[in-house]
There are 2 protein chains.
Amino acid sequence: MEGRSRQPASSDDRPHAQGEPAVWSNAAMDRVRTDAGARPPRATIIDVAREAAVSPATVSRVLTGTKPVSADLEQRVRAAVNRLGYRPNPAAQGLLRGATHAVGVVVPDVGNPYFAEVLKGVTNAAEESDFRTLVADTGEKGGAEHDAALELSRWADGVVLCSPRMPQRELAKLAQAVPHLVCVNRVGRGGQVPAVVVDFEAGMAAICRHLRELGHRRIAYLRGPARAWSERARQRALRAASGPDFEVLQVPCGSSSADGRRAADAALATRATAVMAFSDYVALGVLARFDELGVSVPGDVSLTGFDDIALSELLRPRLTTVKVSKQDLGRRAWELFAASGDVGGGESGRVVTAIPELITRDSTAPPATATTPLPKTAKA
Amino acid sequence: MEGRSRQPASSDDRPHAQGEPAVWSNAAMDRVRTDAGARPPRATIIDVAREAAVSPATVSRVLTGTKPVSADLEQRVRAAVNRLGYRPNPAAQGLLRGATHAVGVVVPDVGNPYFAEVLKGVTNAAEESDFRTLVADTGEKGGAEHDAALELSRWADGVVLCSPRMPQRELAKLAQAVPHLVCVNRVGRGGQVPAVVVDFEAGMAAICRHLRELGHRRIAYLRGPARAWSERARQRALRAASGPDFEVLQVPCGSSSADGRRAADAALATRATAVMAFSDYVALGVLARFDELGVSVPGDVSLTGFDDIALSELLRPRLTTVKVSKQDLGRRAWELFAASGDVGGGESGRVVTAIPELITRDSTAPPATATTPLPKTAKA
DNA sequence: CTGTTAGCGCATTCAC
DNA sequence: GTGAATGCGCTAACAG
């Protein structure tokens with residue numbers, strides 16, 4: 001594309017670094033050998049058949065193992081396959097079989113360790129059944145979920161929707177358009193769409209109980225995305241736990257650690273003795289901001305998360321939270337998809353519930369005094 | 001499959017929770033309506049053609065926009081498409097065009113925030129060009145990379161290999177079998193395979209310089225995976241920086257925070273005044289273990305990371321590290337792939353280098369004394 | 001057991 | 001401009 005030097009490129013594998021915009025440099029380390037487009041065209045099943053001097057059908061039979069083939073021919077075919085490095089074209093197979101052997105996964109944000117783990121769970125489980133995984137990252141934009149799922153549904157045999165933020169009726173409509181839709185952390189009206197969900201109510205209840213037992217009476221709750229089903233479940237638990245001796249102050253927040261960081265000040269302003277974050281990921285941000293403000297956890301305020309991501313026990317203080325097996329969530333979602341296939345798509349409406357477990361660590365303690373402590377110092 | 005109750009399932013969307021093994025419960029919330037397999041079969045282009053009373057070719061022309069179509073017919077077709085909710089079958093398109101409009105991404109571990117970000121970068125960039133993304137997670141098993149890439153190469157038009165740990169010759173062989181292979185953080189012999197890499201040498205050099213300026217003379221380095229190309233690059237920088245007044249002690253470690261946690265004690269045992277971790281992710285584990293041991297950072301020892309993952313500035317102390325634009329890495333890899341397509345696969349051997357930037361934060365400080373401090377207390 | 005035939009859903013030649 | 005025919009790579013039905 002651009003001019004190229006004829007210099008044979010230092011034999012070492014060390015790239016040289018030079019400026020281009022910002023930190024990026026386009027090392028003009030041009031190709032060495034000029035065997036450019038000399039790549040042999042991909043072998044087809046016909047090539048293999050010719051090579052082995054058999055019919056394509058025989059090759060197919062050897063590879064799929066559907067019908068018995070004589071030992072002699074089988075050897076010839078295998079040899080030819082290896083020699084040519086033949087691998088069947090999945091698109092063609094899919095076209096014929098009407099199934100692609102792939103699953104789609106829609107996540108709000110792969111950067112969020114929670115979803116990364118769920119994705120990993122699906123991927124690993126799918127791999128065991130020799131299924132490929134397609135991902136779509138909606139960037140926390142609920143509006144993009146519908147289209148992403150619809151698109152993936154054409155590529156894959158089923159779609160796993162992680163924590164969809166879309167409205168209920170949109171989900172219902174989607175479920176009708178997408179053959180094997182499985183939700184994670186969301187159950188639709190009456191549970192028509194198969195789902196694997198965490199029992200958020202139980203989890204929040206456990207956290208509330210823990211806080212109450214420690215003596216907290218005034219709690220700030222950092223809300224997650226308004227449209228998240230899990231948020232509504234949490235709210236139910238909060239309502240149930242609320243009372244004259246257990247006041248829950250709602251603070252808008254979000255689902256990322258950046259959101260947590262931003263909301264930390266507002267949480268403090270409630271003069272609560274404990275802060276419940278929507279998730280561990282959010283709590284992370286809160287912790288950072290509290291530290292900046294010189295607010296000690298749990299000395300000045302207690303803090304809780306949700307999910308028990310790997311980081312939470314690496315943090316200081318180690319976070320009190322509720323443990324959810326994220327990879328299992330993904331794996332279960334996969335299983336739900338796999339099962340739905342067996343029954344021909346009729347078996348919808350299965351909901352699998354994961355019971356989370358309270359993990360008491362260092363970020364919670366009894367309130368320092370009857371009244372809410374204020375930051376020791378402002379802005380470290 | 002199992003017996004089902006006729007109970008109409010509580011109209012609420014709250015799943016009930018009951019025991020099964022461990023924390024999982026299979027809520028027997030059966031399907032409500034019995035419209036089981038009543039899903040209409042997916043519409044094909046022929047259905048649309050019939051519905052619009054035109055030929056399939058016309059439908060195709062409207063959808064692909066290759067040839068002009070009269071306004072009248074165009075309207076009829078579009079209406080039919082909407083009515084039927086038709087979406088072309090990508091497998092069929094792929095078969096015909098010989099390209100799938102998908103990229104594969106092979107990562108050692110999606111749970112690692114570094115790779116999650118790179119993956120996100122690829123996904124987002126691909127999406128903009130209307131490409132799908134396929135992922136394979138090799139679980140840090142270098143042996144699985146080759147097969148994963150090979151497999152993905154049949155599904156996708158190209159494959160992005162993230163930080164492959166496979167031996168050089170295996171990579172070379174792979175590059176020959178996979179049409180559009182792009183590496184992240186690895187350049188093969190002479191750079192035949194297009195790659196986008198971080199200039200690890202520059203990064204490590206910057207860290208060494210920083211540490212030396214602070215007065216550190218005895219440093220422990222927590223090694224990454226032996227087979228990682230980036231590790232070898234780091235070693236080069238270390239060798240260059242080493243000298244009588246700057247001693248680098250090597251400690252085997254790995255690439256995960258769990259590895260870091262395990263290696264922390266050994267790092268301490270070197271009696272170094274500063275510890276350089278292979279990555280931020282590793283440093284995370286080190287920090288946690290140090291805290292357990294009552295070793296203060298940077299009071300007793302300084303600690304550095306690499307990559308500047310989002311967490312690193314949320315941690316306390318905030319980690320001194322070297323900043324790498326992880327999403328950009330992914331995006332650039334995508335661009336390399338896209339570009340390689342334009343030139344027909346001949347343009348191999350492009351290497352793009354990202355220059356990282358030192359970020360000085362709170363985890364580094366001058367050494368406390370001339371001699372290495374020992375842990376204040378053992379096992380907090 | 002093996003080879004031959006047909007067609008999955010689509011875009012793209014060709015004729016008109 | 002439009003429609004009818006062809007074939008992408010593969011496997012499932014049929015013959016033999």
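Bear in mind that the values here come from a model prediction, so they are computed numbers and not experimental data.
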Does [N] have OP1 or OP2 sitting under 4.0 Å from an N or O in the side chain of [X]?
| X | N | value |
| --- | --- | --- |
| B/Gln93 | C/dA11 | yes |
| A/Thr64 | D/dT11 | no |
| B/Thr58 | D/dG3 | yes |

What is the distance from [atom1] of [X] to [atom2] of [N], rounded to the nearest Å?
| X | N | atom1 | atom2 | value |
| --- | --- | --- | --- | --- |
| A/Arg87 | D/dC10 | CZ | P | 12 Å |
| B/Leu63 | D/dT2 | CG | P | 15 Å |
| B/Arg50 | D/dA4 | CZ | P | 13 Å |
| A/Asp72 | C/dC1 | CG | P | 13 Å |
| B/Arg76 | D/dG1 | CZ | P | 15 Å |
| A/Asp47 | D/dG9 | CG | P | 9 Å |
| B/Ile46 | C/dC10 | CD1 | P | 8 Å |
| B/Ile45 | D/dA5 | CD1 | C1' | 15 Å |

Taking only the side-chain heavy atoms of [X] (C-beta and beyond), determine which of [options] contains the nearest atom.
| X | options | answer |
| --- | --- | --- |
| B/Pro88 | C/dT2, C/dC10, D/dT2 | C/dC10 |
| A/Ser70 | D/dG3, C/dC1, C/dT4 | C/dC1 |
| B/Leu95 | C/dC10, D/dA4, D/dG9 | D/dG9 |
| A/Ser55 | C/dG3, D/dG3, C/dA11 | C/dG3 |
| A/Asn89 | D/dG1, D/dC10, C/dT12 | D/dC10 |
| B/Val69 | C/dT12, C/dG3, D/dT2 | D/dT2 |
| B/Pro68 | D/dG1, D/dA4, C/dA11 | D/dG1 |

Checklist line | Electrostatic pair B/Arg61-B/Glu74, nearest N-O below 4.0 angstrom | finding: no
Check: Is the shortest side-chain N to carboxylate O distance from A/Asp109 to B/Lys120 below 4.0 Å?
Finding: yes
Note to self: Let me spell it out: for each of B/Lys67 and A/Leu96, pick the nucleotide of DNA chain D with the closest heavy atom. Which residue's pick is nearer the 5' end?
What the structure shows: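 Result of the comparison: B/Lys67.
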Next item on the list: Kindly give the heavy-atom pair with the smallest separation between A/His180 and A/Asp157, and that separation in Å.
Entry: CD2-O, 3.3 Å
Do [X] and [Y] come close enough that some side-chain heavy atom pair is under 4.5 Å?
| X | Y | answer |
| --- | --- | --- |
| B/Ser340 | B/Arg350 | no |
| A/Tyr86 | A/Ile45 | yes |
| A/Val135 | A/Thr133 | no |

Next item on the list: Starting from the 5' end of DNA chain C, give me the residue, A/Ala92 or A/Ala71, whose nearest nucleotide shows up first.
Entry: A/Ala71
Check: Counting any heavy atom closer than 4.0 Å, what does A/Thr44 reach on the DNA or RNA strands: base, sugar-phosphate only, or nothing?
Finding: sugar-phosphate
Notebook entry, point to check: Does a distance-only test, which skips hydrogens and angles, find a donor-acceptor pair under 3.5 Å between the side chain of A/Arg61 and the base of C/dG3?
Noted result: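 Per atom types, the contact qualifies.
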